[in-house]
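Below is one structure; the comments refer to it alone.
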Amino acid sequence: MPRVRPAHTRKRSMDEHEQPTTYDVHAVQSKWRAVWDELEPFRAGSAAPGPDGQPAEKRYALTMFPYPSGDLHMGHAEVTALHDVIARYWWQKGYDVLNPMGWDSFGLPAENAAFRNDEHPATYTYANIATQLDSFRNYAISFDWSRRFNTSDPEYYRWTQWLFLKFRERGLAYRKNSPVNWCPHDQTVLANEQVVDGRCERCGAEVTKRELTQWYFKITDYAQELLDGLDELEATWPARVVTAQRNWIGRSEGAHVTFEIAGHDPVTVFTTRPDTLYGATFMVVAADAPLAASLVTDEQRPALEAYLDEVRKASDIDRLATDRPKSGVPLGVTATNPVNGEQLPVWASDYVLADYGTGAIMAVPAHDQRDLDFAKAFDLPVRMVVDTGEDDPAATYVATTGDGTYVNSGPLDGLRDKAAGIRTIIERLEADGSGTGTVNFRLRDWLLSRQRYWGCPIPIVHCEKDGEVAVPEDQLPVLLPELRGADLKPQGVSPLAAATDWVEVECPTCGGPATRDSDTMDTFVDSSWYFLRYCSPQYTDGPFDVEAVRQWMPADIYVGGVEHAVLHLLYARFFTKVLRDMGMLDFSEPFAAQLNQGQVINEGKKMSKSLGNGVQLGSQLEEFGVDAVRLTLVFAGPPEDDIDWADVSPGGSLRFLQRAWRLSGDVTSEPGVDVGTGDVALRRVTARTVHDADELLASFRFNVVVARVMELVNATRKAIDSGCGPADPAVREAVEAVAVLLSLVAPYTAEEMWSRLGHEPTVARAGWPSVDPALLVTESVTAVVQVKGKVKARLEVSPDVSAADLEALALTDEAVVRAIEGQQVRRVIVREPNLVNIVV
RNA sequence: GCCCCUGUGUCCCAACCGGCAGAGGAAGUCGCCUUAAAAGCGAUCAGUUGCGGGUUCGAGUCCCGCCGGGGGCACCA
């Protein structure tokens with residue numbers, strides 16, 4: 001394994017008093033890690049009061065906690081390196097920072113590993129946590145480890161269960177029987193969000209449907225609020241997360257319209273275009289909805305059943321193809337159009353979804369392509385009711401969806417305004433009780449039952465006499481039974497169901513025989529409130545101490561992967577709003593700002609075992625050291641961009657760090673020297689760098705900050721070698737600034753520099769360098785003189801030069817005079833103090 | 001199909017409110033150091049800002065169209 005060479009002396013002089021030119025990365029790492037373990041510089045609550053005696057302002061730096069699968073990898077390294085720049089910056093700025101970390105430690109991989117190795121899932125889980133904890137410490141992220149916990153700890157999941165029961169008391173957790181996504185490989189149900197392109201997000205197996213009774217959270221009650229809340233997050237959350245959530249919630253405005261059906265209950269449809277009601281020529285209900293079975297005539301029943309068999313055979317992947325031909329069967333009944341009394345044939349088809357809207361639609365083939373395709377397939381009538389000026393859809397089979405003049409539409413005829421048309425029809429429907437304006441959401445309730453072992457047990461007991469009974473609070477947590485190895489094999493029901501001793505209990509209400517609910521919760525439940533627990537991780541009287549949460553929340557920044565744009569982030573927002581309604585929180589959004597990091601890739605491709613292009617974090621750390629790897633990740637580009645490891649240079653990062661470190665050995669002035677007497681040119685560079693870094697950090701432009709620090713290092717090197725010399729106080733000021741700025745990214749190097757500059761540890765809490773505003777004002781600027789937009793001259797002028805003076809200076813400049821010679825000056829644009837443009 | 005983001009030296013990337021296209025790094029080239037090479041140190045090279053049009057005294061930046069790359073939604077009525 002290649003190692004950084006040990007420190008050696010300069011070749012050009014064998015004098016042993018010469019400064020060494022490199023430091024031993026690994027020796028420095030073990031040295032400072034021990035010092036930090038002693039000092040614990042990052043305890044939340046340890047910031048000094050401000051000069052006015054007031055306690056320091058709080059900052060909560062949150063990063064998505066990991067699942068403990070093996071050791072840390074490049075992805076962890078990147079996200080925590082970026083996150084740590086923010087946390088350490090806040091410490092330097094004097095804030096009191098809460099920067100906690102823990103593990104999202106329930107989940108499938110542990111269970112699979114336990115089955116393979118004939119052990120308990122906890123064995124795998126807690127061994128990996130120990131490994132990752134050690135790696136994080138070595139990686140020098142400024143976490144406050146005193147607050148760590150794991151979601152699989154009974155002290156934690158006790159409160160997950162408690163919250164479940166509170167949600168249930170509020171009617172927000174309920175059971176229903178419905179077709180659910182089923183992963184045949186993992187042998188468990190999946191939420192809609194965990195099905196991607198018809199496949200299991202985790203294992204890639206094709207997802208099928210199953211009819212099961214399952215627990216749901218009623219997130220749809222909060223659909224409107226979850227949507228509205230995005231408005232205030234727009235400024236501080238990545239745009240793609242906000243739009244992804246908006247799309248996912250999928251609000252649409254329209255109307256419920258009720259159609260009478262002779263001999264049946266009336267059927268209500270949802271439509272966004274009630275104004276096209278006169279163009280409805282048939283109705284379609286979802287073939288797999290109970291409604292279809294209840295409407296169908298005896299003559300048509302065999303046809304419907306045959307069709308349903310066909311539909312069920314088609315996988316979700318087939319169903320996702322949007323261009324496949326329309327299919328369906330008539331149900332043999334007709335519905336009455338409430339506005340004109342027309343009898344519309346009712347069909348069943350799989351292009352109508354059972355779980356969106358009411359599971360039934362009115363078909364307006366002239367103005368909806370899907371309905372038109374269906375009408376074409378079964379030769380149903382097409383009636384245009386909005387004349388857009390385009391060809392009649394009945395002839396072209398191209399539905400028109402634009403604005404136009406209403407025709408064949410009774411009271412709407414001749415009207416051109418779509419909004420007015422919609423309003424008119426809704427008013428009419430509401431007047432005669434056959435419909436109402438309404439809003440519909442794409443968002444479905446959150447399916448949370450999982451048929452797995454390694455998760456949070458659902459604290460419910462099923463009793464024949466009393467039905468669903470909540471486990472009393474004083475009996476929480478419902479602990480997992482001890483199962484291992486083959487007991488965990490997926491078998492279609494939760495492994496818990498087979499643990500007879502555990503399942504069979506007395507009913508808490510009547511004392512009679514009862515069974516525990518044997519499903520466990522989706523792990524997204526665990527992660528929907530962990531950020532609250534960090535505020536008071538040892539609290540025993542509730543999930544969190546309300547006062548501690550008031551002190552720290554909301555999180556000021558949440559750093560993590562964009563893959564959680566709609567899953568975790570939506571659920572966490574939902575939990576926050578429910579807890580607020582329970583009176584436990586006084587805010588509605590948990591994460592004030594968000595930063596999504598890109599991925600680390602290699603040679604243009606995602607790193608994977610099958611491609612054999614993986615870059616091991618461990619080997620990079622061994623070869624280049626923690627600081628160089630962190631610096632490389634931060635410097636590679638904007639945080640949200642992907643980093644191609646083939647494009648970056650950890651060796652270059654290490655070289656830079658050594659160069660920066662070397663400066664600290666060259667400084668010959670003493671700590672505390674009066675910098676006011678130092679070289680002004682260098683002082684200006686230092687002041688400008690510190691000032692700009694402040695602004696750049698606030699907008700997460702960490703790569704530019706690093707570039708600016710490199711500039712400062714280069715300028716300082718020059719000042720030492722061929723400028724004011726190593727003894728000048730400005731050199732000390734510059735190098736101290738470099739140490740503090742570098743402490744955000746390269747804490748070991750920064751600490752070593754700080755120590756060589758004669759300071760006590762730790763540089764991490766040294767404080768942000770102060771900047772004399774006078775040094776930010778330049779005494780002269782370069783004004784550019786353009787003739788017809790081309791630069792002809794440069795003038796050194798005072799920054800507060802007047803427009804008239806600058807114009808006069810420009811017009812008398814020799815080069816300018818030459819350039820405009822013989823031409824008519826038509827206009828002179830002056831933008832003092834930077835620019836003069838002469839139009840000829 | 002619809003929506004969003006993006007395109008700057010060989011490569012990764014900077015460029016405030018429209019005002020000198022270049023901060024930083026990598027690679028290349030040339031030196032210094034070395035018996036030599038690597039490493040290190042120093043210097044240096046690098047352009048029709050994807051294409052076409054428009055607005056403007058002036059466009060990498062704003063507007064329109066196209067092309068390439070990335071992402072979201074997609075039978076959601």
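Predicted model, so just to flag it, every value in this text is computed and none were measured. In what follows, every chain begins at residue 1, and chains take the letters A, B, ... in the order their sequences are listed. Only this structure's heavy atoms are used, side chains among them; waters, hydrogens and symmetry mates stay out.
A/N703 comes within contact range of the sugar-phosphate backbone alone, with a heavy-atom separation under 4.0 Å but no base atom that close. If you check every strand for non-hydrogen atoms under 4.0 Å, A/A636 touches sugar and phosphate atoms only. Nucleic acid contact for A/V784: base, since at least one base atom lies under 4.0 Å from a heavy atom of the residue. Heavy atoms of A/Q786 sit under 4.0 angstrom from at least one base atom. Heavy atoms of A/S252 sit under 4.0 angstrom from primed sugar atoms or phosphate atoms, though from no base atom. A/R688 comes within contact range of no nucleotide atom at all, as no heavy-atom separation falls under 4.0 Å. No contact: A/R826 has no heavy atom under 4.0 Å from any strand. At the heavy-atom level, A/D641 lies under 4.0 Å from the strands shown only through sugar-phosphate atoms.
Between A/D231 and A/R246, at least one side-chain N (NZ, or NE/NH1/NH2) sits under 4.0 Å from a carboxylate O, which counts as a salt bridge. With respect to the salt-bridge test (charged N to carboxylate O, under 4.0 angstrom), the residues A/R688 and A/E711 do not qualify. Salt-bridge formation is not detected for the pair A/K418/A/D275: no Lys NZ or Arg NE/NH1/NH2 atom is positioned less than 4.0 Å from an Asp or Glu carboxylate oxygen. Electrostatic pairing of A/R717 and A/D666 counts as a salt bridge here, judged by a charged N lying under 4.0 Å from a carboxylate O.
Searching all strands for a Watson-Crick or G-U wobble partner of B/rG7 with both distances below 3.5 Å returns B/rC67. Across every strand in view, B/rG1 sits in a pair with B/rC73 that passes the Watson-Crick or G-U test at under 3.5 angstrom. When both pairing distances are held under 3.5 Å, B/rG22 makes a Watson-Crick or G-U pair with B/rC13. The base-pairing partner of B/rG28, taking Watson-Crick or G-U wobble contacts with both distances under 3.5 Å, is B/rU44. Under the Watson-Crick or G-U wobble criterion, with both distances below 3.5 Å, B/rC33 is left unpaired in every strand shown.
Below 30°, between 30° and 60°, or above 60°: for A/F270 and A/Y356 the angle between ring planes is above 60°, a perpendicular geometry.
Atom P of nucleotide B/rG58 and atom CG of A/L835 are separated by 13 Å, given to the nearest angstrom. Rounded to whole Å, the distance from CG on A/L569 to P on B/rG72 is 15 Å.
Between the side chain of A/R240 and the base of B/rG71 there is no donor-acceptor pair of N/O atoms closer than 3.5 Å. No hydrogens or angles were tested; on distance alone, nothing pairs the side chain of A/D647 with the base of B/rC12 as donor and acceptor under 3.5 Å.
With RNA chain B read from its 5' end, the first of the two nearest nucleotides for A/A239 and A/T271 is the one closest to A/A239.
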